[in-house]
Amino acid sequence: MDEFELIRRFFTESGPARDDVVVGIGDDAALVRACNGDLAIATDTLIAGVHFPLETQPADIGYKALAVNLSDLAAVGATPAWFTLNLTLSEADPRWLEDFACGLFALAQRHRTQLIGGDTTRGPLSVTVTAHGFVPSGEALLRRGARPGDRVYVTGLLGDAALALRFLRREVDVPEESRLAVLTRLNRPEPRVEVGIALRGLASACIDVSDGLVADLGHILEESRLGATIELSRLPVSDAYDAAVADIGWSPALSGGDDYELCFTLPPERERALHQVAARFACTCTPIGVIEEQPGLRIRDKAGALVAAPFSGYNHFRA
Ligand code: ADP
Ligand code: MG
């Protein structure tokens, strides 16, 4: 199977077709009907052995490559529209490609986002997706914009992806009945697209938690030139995480990464409005702390004592 047959067979006619795509896969450039508002563009690369364990199923790799990008669009409150796929493969294995495309297009279908182009090359496995979405002009959620007194919220649950990684490395056991749920959080994160869209006009700042809460909330604090205190007892974790906390502590939930939840700040007078829209969400929104003038992130335990922030976030070129 050569490059062009591969593109035709696995990528050209699968997935949703949108009527704002003038020319999709097959020419020198894709043409899309431009929008009135702002165009949000996000790109992320997944490298085998760095961003996912080598034994990860191809369907999960395809799903996750798109999911992490939709999570970035969610963080700015954008509605996904199109994406491109740059795929580097060591070999063109039809079974692998079929499963990869199946995971990819399952998520594309759910968010009506169309694959409009890409590039296909031979080399060590790596997948880059670039996702495009719309946001009404001036309404994008940014990292800057938090104010002292704003509440800090997170969606969903934190720490299960990091727990799953530790389980796969045999560093901790997870009871059989929770394994699937915990591994799903690592392999099939749910990008919080609907929440991001609903937070337009409500949240004062927003980020997606890809590198861990401490690192990513840290970006909001830096960009907003403020600090925060969060309470450990309020961190939303699963029962499986709670059961493992004696073994693994709080640092996977605080800085493990791969959660793909949203962390946002909300002026207290908008809390009622949030509760009204949050009833429709497929996930919870949990208040975990408050924005303060004093720079830096403070973490308090149940007794109110300050605990040291764990090593924060994955960094590819950290010395
Ligand atoms: P060019 O030589 O103009 O860069 P290519 O031969 O690389 O074009 O690709 C042919 C067409 O297939 C282009 O429309 C390109 O966007 C698309 N394409 C290539 N690889 C992929 C892929 N992995 N997924 C989707 N579209 C792809
Ligand atoms: Mg090319």
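Computed from a prediction, not measured in an experiment: that's the story for all the values here. Numbers here are sequence positions counted from 1. We count ligands from 1, going down the list as the structure has it; atoms in each ligand are counted the same way.
Side-chain contact between V209 and Y260: absent, with no pair of heavy atoms (C-beta onward) separated by less than 4.5 Å. Here the side chains of L142 and E223 are not in contact, with every heavy-atom distance at 4.5 Å or above.
For Y63, the ring-ring contact (aromatic ring centres under 6.0 Å, His included) criterion is met by no residue, not counting sequence neighbours. Evaluation of the ring-ring contact (aromatic ring centres under 6.0 Å, His included) rule for F100 yields W96 as partners, not counting sequence neighbours.
Using a 4.0 Å cut-off to heavy atoms of G117, the atoms of ligand 1 that qualify are 16 (O), 24 (N), 25 (C), 26 (N), 27 (C). With ligand atoms numbered from 1 in the order given, ligand 1 contributes 22 (C), 23 (N), 24 (N) to contacts under 4.0 Å with heavy atoms of L85. Remark: ligand 1 atoms within the under-4.0 Å shell around heavy atoms of D27 are 13 (C), 14 (O). Close contacts between ligand 1 and D119 involve ligand atoms 7 (O), 19 (C), 20 (N), 21 (C), 23 (N) [criterion: under 4.0 Å to a heavy atom].
Interatomic distance, CZ of F83 versus NE2 of H132, reported as 11.5 Å (0.5 Å rounding). Rounding to the nearest 0.5 angstrom, the gap separating the CZ atom in F11 from the OG1 atom in T120 is 6.5 Å.
Here's the thing with F4: none of its N/O atoms is less than 3.5 angstrom from an N/O atom of ligand 1. Taking distance alone, with nitrogen or oxygen atoms compared against 3.5 Å, L87 stays at or beyond that limit from ligand 1.
Contact annotation for T120 and ligand 1: heavy atoms of both the backbone and the side chain come within less than 4.0 Å of the ligand. Under 4.0 Å from ligand 1, the heavy atoms of L115 that appear belong solely to its side chain.
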